[in-house]
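To start, the structure itself, in structure tokens.
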Amino acid sequence: MSVNHSNLPQIQNLIDGRLTAPTSGLYIENTEPATGTVYGLTPDSSTKDLDLAIEAAQKAFPIWANTPVEYRARILNKLADLIEEHQDELAQAEAIDNGKPINLAKNVDVYRAATNIRFFAQACTQFSSESHAMEDVAINYTLRDPLGVVACISPWNLPLYLFTWKIAPALATGNCVIAKPSEVTPMTAYLFSKLCIKAGLPAGTLNVVHGTGLNIGAALVKHPAIKAISFTGGSSTGLAIKQATANHHKKLSLELGGKNPTLVFADCDFNNTVNEVARAAFTNQGQICLCGSRIYIEASIYEKFTAALIKRVKQLVIGDPLDETTQFGALVSKMHMQKVLDYIALAEEEGGEILTGGQAISPKGRCASGYFVEPTIIADLDNKCRTNQEEIFGPVCTVQSFETDQQALKMANDSEYGLAASIWSKDINRCHRLAKLLNTGIVWVNCWLLRDLRTPFGGMKASGSGREGGLEALRFFTEPKNVCIQYQQD
Ligand code: NAD
């Protein structure tokens with residue numbers, strides 16, 4: 001809801017190096033999901049704010065693009081230092097804004113935000129371009145220049161983590177950025193804007209424009225000054241961006257939804273696999289694009305594994321995200337909670353049996369009106385049903401059994417999505433064989449969410465196009481130009 005007056009604290013945009021109110025004076029209410037109370041206001045920015053941000057970025061670009069790479073790296077490292085210095089404040093803000101447990105916010109979100117920035121600060125100093133020799137004829141070398149003003153659009157599930165994952169490589173390679181954080185979780189992007197000023201990031205280099213996707217997001221992607229769009233979010237939004245930019249010449253990197261298969265074989269390391277499969281399904285209340293929500297279990301251990309998984313999931317400590325002992329917090333919004341509950345009802349209509357969970361819960365104390373749903377495991381569903389095919393993006397997973405590797409592979413690949421998969425087995429030949437045949441951008445073997453920032457990250461099919469991470473991100477944010485020099489002939 002857009003409102004124009006209140007005593008609530010107001011977030012501000014970062015435009016041309018200054019924190020500014022939206023020109024319209026309009027704001028969106030920001031709700032704490034664990035309590036259901038409105039606790040702040042976010043700018044409902046207009047195209048006027050966007051134009052000011054673009055103007056600032058265009059002014060800053062020739063200067064930033066021509067700074068020595070060591071200078072850009074130094075500023076980014078300073079920013080990473082400041083994130084580490086403010087880690088407690090940032091983790092608390094993320095837990096309040098998103099509903100995730102504060103420990104997760106600190107050890108994953110805030111930690112990774114600093115790591116992302118430090119990684120790309122270093123990577124840009126090591127980024128070398130290619131050279132191709134044509135023996136006795138010519139030498140080619142490739143120049144890689146920044147693109148100009150680029151857009152970075154991020155979702156609500158890992159707010160600061162994914163915000164920095166995009167901004168860092170864009171800035172490191174000499175681009176100026178218009179960043180649009182999710183309107184559902186804007187707080188850490190605001191705190192980050194303040195740290196950018198403190199770090200000495202030149203005015204206009206990074207501009208953070210808050211607002212809704214339909215309003216400011218849609219205007220940003222279509223803006224003629226935007227040379228590239230790095231987007232993370234839902235598959236339907238990704239498609240809308242593709243369509244909106246079809247008549248423009250912009251580079252696109254789309255990191256979209258997932259419905260990820262987890263393949264558990266009878267020869268897995270049983271106890272470790274139970275723990276890790278539970279973690280893969282329910283970390284961040286299942287609101288990570290990489291969460292394993294379709295669990296396929298070899299028939300000979302199906303009953304035993306499912307029982308152990310239910311036992312493990314029932315041990316999760318659910319409660320106030322600000323409590324250090326909480327392992328499972330609130331869903332991000334009332335609307336999202338309703339979506340998840342609707343999917344649980346659909347699963348029952350489709351013939352599913354709820355093995356554990358399935359209900360909204362109301363923790364005692366200050367979180368009694370929060371958006372909590374129990375971690376839910378559902379059995380007896382066909383692989384083709386909507387519950388197994390559509391992304392729920394919440395604490396809901398299904399279990400199914402398989403007899404052969406072939407059958408497991410077929411069920412895993414029978415999906416519109418293709419982001420990530422995990423395989424749990426001690427048979428290394430099987431793991432290699434299946435890893436090659438799974439139609440996903442990422443395959444984890446006997447692990448989940450183990451990330452090396454140098455590796456390509458992204459999905460196939462409805463899970464996106466293009467890759468981010470490491471060199472892929474540095475290449476995305478630069479324009480390659482080949483220079484061919486013929487040798488002088490004697
Ligand atoms: P979303 O698509 O609704 O929103 C993502 C961002 O896009 C927000 O900032 C939003 O304001 C903006 N936006 C919305 N409509 C827009 C438009 N028409 N033009 C431009 N911008 C627009 O996604 P969400 O609900 O915030 O996030 C959840 C989704 O993100 C899930 O599908 C999840 O799988 C996906 N996700 C993917 C990855 C990945 O790396 N593949 C990572 C995290 C989340």
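Just so it is clear, the values below take in all heavy atoms, side chains as well, and ignore hydrogens, waters and symmetry mates. In listed order, ligands and their atoms are each counted from 1.
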- Task: Verify the ring-centre separation between W424 and Y296: is it less than 6.0 angstrom?
- Result: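 Between Y296 and W424, the centre distance exceeds or equals 6.0 Å.
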
- Message: Walk me through whether T35 and E32 qualify under side-chain hydrogen bond (donor to acceptor under 3.5 Å, both in side chains).
- Response: CA-CA 6 Å; T35 60; E32 179 182 13; 3.1 Å; yes

- Scan side-chain atoms only and decide if T185 and N98 contain a donor-acceptor pair under the 3.5 Å cut-off.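 No donor-acceptor contact under 3.5 Å links the two side chains.
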
- Message: Do E183 and T212 pair up side chain to side chain, a donor and an acceptor below 3.5 Å, judged on atom types alone?
- Response: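 The criterion, which ignores hydrogens and geometry beyond distance, is not satisfied for T212 and E183.
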
Write out the residue and atom name of the closest protein heavy atom to [atom], then the distance separating them to 0.1 Å.
atom	result
atom 41 (N) of ligand 1	L256 O, 2.7 Å
atom 21 (N) of ligand 1	G217 CA, 3.6 Å
atom 28 (C) of ligand 1	F393 CE2, 3.6 Å
atom 40 (O) of ligand 1	F457 CE2, 3.2 Å
atom 44 (C) of ligand 1	N157 OD1, 3.5 Å

Should [X] and [Y] count as an ion pair when the cut-off is N to O under 4.0 Å?
X	Y	result
D382	K384	no
E84	R118	yes
K166	E468	yes

Please classify the [X] to ligand 1 contact at 4.0 Å (heavy-atom distances, strictly less than): side chain, backbone, both or neither.
X	answer
L162	side chain
I153	side chain
S154	backbone
L220	neither

For ligand 1 and [X], I'd like to know whether there is a polar contact (N/O to N/O, distance under 3.5 Å).
X	answer
G211	no
E183	yes
T232	no
L419	no
T237	yes
W156	yes

Show the atoms of ligand 1 that are less than 4.0 angstrom away from any heavy atom in [X].
X	answer
F231	2 (O), 5 (C), 6 (C), 7 (O)
G234	1 (P), 2 (O), 23 (O), 29 (C), 30 (O), 32 (O)
E255	37 (C), 39 (C), 40 (O), 41 (N)
A218	19 (N), 20 (C)

- Query: Cationic tip of K106 within the cone over Y111's six-membered ring, i.e. under 6.0 Å and within 45° of the normal?
  - Reply: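 Cation-pi check for K106 and Y111: fails.
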
- Check the pair Y190, T42 against side chain to side chain contact (heavy atoms under 4.5 Å, CB included), reporting the backbone distance first and the verdict last. CA-CA 9 Å; Y190 171 55; T42 310; over 6 Å; no

Just going by heavy-atom distances, which of [options] is nearest to [atom]?
atom	options	value
atom 14 (C) of ligand 1	P181, S463, A151, G213	G213
atom 35 (C) of ligand 1	G233, C289, S236, P155	G233
atom 34 (O) of ligand 1	H336, K180, E391	E391

Over all atoms of both residues, closest heavy-atom pair of [X] and [Y]:
X	Y	value
N439	N413	N-OD1, 2.8 Å
Q389	N383	NE2-O, 2.8 Å
G358	E374	N-OE1, 3.6 Å

- Task: Would you give the length of the straight line joining atom OG of S463 to atom CG of N260, rounded to the nearest 0.5 angstrom?
- Result: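 Interatomic distance, S463 OG to N260 CG, rounded to 0.5 Å: 7.0 Å.
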
- Measure the CG-CG distance between L26 and L41 for me, rounded to the nearest 0.5 Å.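 With rounding to 0.5 Å, CG (L26) is 11.0 Å from CG (L41).
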
- Task: List the steps and the verdict of side chain to side chain contact (heavy atoms under 4.5 Å, CB included) for Q287 and T283.
- Result: CA-CA 7 Å; Q287 301 167 126; T283 298; over 6 Å; no

- Task: Please check atom 26 (O) of ligand 1 for a protein heavy-atom neighbour under 4.0 Å.
- Result: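 Within 4.0 Å of atom 26 (O) of ligand 1, protein heavy atoms are found.
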
- Query: Quick one: does G464 get within less than 4.0 Å of ligand 1, heavy atoms only?
  - Reply: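 Heavy atoms of G464 never come under 4.0 Å of ligand 1.
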
- Query: Below 4.0 Å from any atom of ligand 1, is there a heavy atom belonging to G459?
  - Reply: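 No, G459 has no heavy atom closer than 4.0 Å to ligand 1.
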
